[in-house]
Amino acid sequence: MTPTAMPSPALQPATQVALIEALVEQGWYVGRDVIDLGLCDVLNHELLKRAAYNGLDEAGIGRGQQHLLRKDIRGDAIHWLDRESAAQRQYLEAMGELQQALNQALFLGLFEYEAHFAHYPPGAFYQRHLDSFRGRANRVISTVGYLTPDWPSDGGGEMVIYHPNDPSQEVARVVPEAGTFACFLSDTIPHEVLPTRYPRTSIAGWFRRNASLGGVLDPAH
Ligand code: OGA
Ligand code: MN
């Protein structure tokens, strides 16, 4: 027996069904206690350790050559998952299974998943945005897995989801508590991260379709 026996990587089948139904009906899904808390804890420590020794990169907006640092738009620091730990591999494996389930149910042709750790220090936020733009939508479905246990009730840092046809209408407020998992259509669902008052840790990820056009390589990040 290993001291920290790794739980089964897959999301519960019932969760996958509820998630797919919610995506079809409203374009977004939020569930609590979806990601195993032991796994969240290991991932959270991995991220906090990196944050403590400056092992994170300031997050920007835009991709490839259009990448810009804009602290007035987003204030998190990130590290792309690189499979370097068993916990990362386990999280990515669960997402791989979700990708298969999504492709089987919705014929989305998702072929890849990319994800980064995100650390929002106190005061950081991410203004309302879409994760991809129609026509150039190689990010199809966004995921966020939250990692901070015992999120304080006055901690702020909620993710606000807005109505796709009326971006002034708030439809959900997601408390960034360990175990909670959100996913939504990347080119349809406006969302933002409210200013946090507490160090906020998560993994943001995207299921992608290949959108290379005219031989121009689409950068992975
Ligand atoms: C993002 C994002 C939401 C969150 O990284 O694009 O919107 O709750 N993250 O961390
Ligand atoms: Mn986003």
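Indexing begins at 1, ligand by ligand and atom by atom, following the structure's order.
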Using non-hydrogen atoms of the residue, decide whether Trp206 is closer than 4.0 angstrom to ligand 1. yes
Considering just N/O/S atoms, say which atom of His191 is closest to the Mn ion (ligand 2). NE2
Spell out, as yes or no, whether a donor-acceptor pair under 3.5 Å connects the side chain of Ser186 to the backbone of Val140. yes
Cluster question for you: counting only ILVMFWY and a side-chain heavy-atom cut-off of under 4.5 Å, with indirect links fine, are Val30 and Trp151 together? no
Out of curiosity, is His129 lining ligand 1, as in a heavy atom under 4.0 Å away? yes
Taking the cut-offs as 6.0 angstrom to the six-membered ring centre and 45 degrees off its axis, would you call Arg50 and Phe117 a cation-pi pair? no
Kindly check if the number of other-residue, nucleotide or ligand heavy atoms within 6.0 Å of CZ (Arg128) is above 12? yes
Quick one: which ligand 1 atoms are inside 4.0 Å of a heavy atom on Ser202? 10 (O)
Can you tell me how far CG of Leu39 sits from CD of Gln88, rounded to the nearest 0.5 angstrom? 10.5 Å
Suppose I only count heavy atoms of Val193 and a 4.0 Å limit; which atoms of ligand 1 are within that range? 3 (C), 4 (C), 8 (O), 10 (O)
Angular separation of His129 NE2 and Asp131 OD1 about the Mn ion (ligand 2), given to 10°: 90°
Provide the number and element of each atom of ligand 1 under 4.0 Å from a heavy atom of Tyr146. 4 (C), 8 (O)
Ala118 to ligand 1, any heavy atom closer than 4.0 Å: no
Any side-chain heavy atom of His116 sitting closer than 4.5 Å to one from Trp80? yes
Is any side-chain heavy atom of Leu11 closer than 4.5 Å to a side-chain heavy atom of Ile35? yes
Atoms of ligand 1, numbered as shown, that sit under 4.0 Å from any heavy atom of Met159: 3 (C), 8 (O)
Around atom 10 (O) of ligand 1, find the nearest protein heavy atom and jot down its residue, atom name and distance. Arg200 NH1, 2.9 Å
Ring centres of His191 and His129 under 6.0 Å apart? yes
Contact atoms of ligand 1, heavy-atom distance to Ala204 under 4.0 Å: 5 (O)
Starting at CG of Asp154, measure out to OH of Tyr198 and round the result to the nearest 0.5 Å. 10.0 Å
Looking only at protein heavy atoms, which one is nearest to atom 1 (C) of ligand 1, and how far off is it? Tyr126 CE1, 3.6 Å
Does Asp131 approach ligand 1 within less than 4.0 angstrom via side chain, backbone, both or neither, non-hydrogen atoms only? side chain
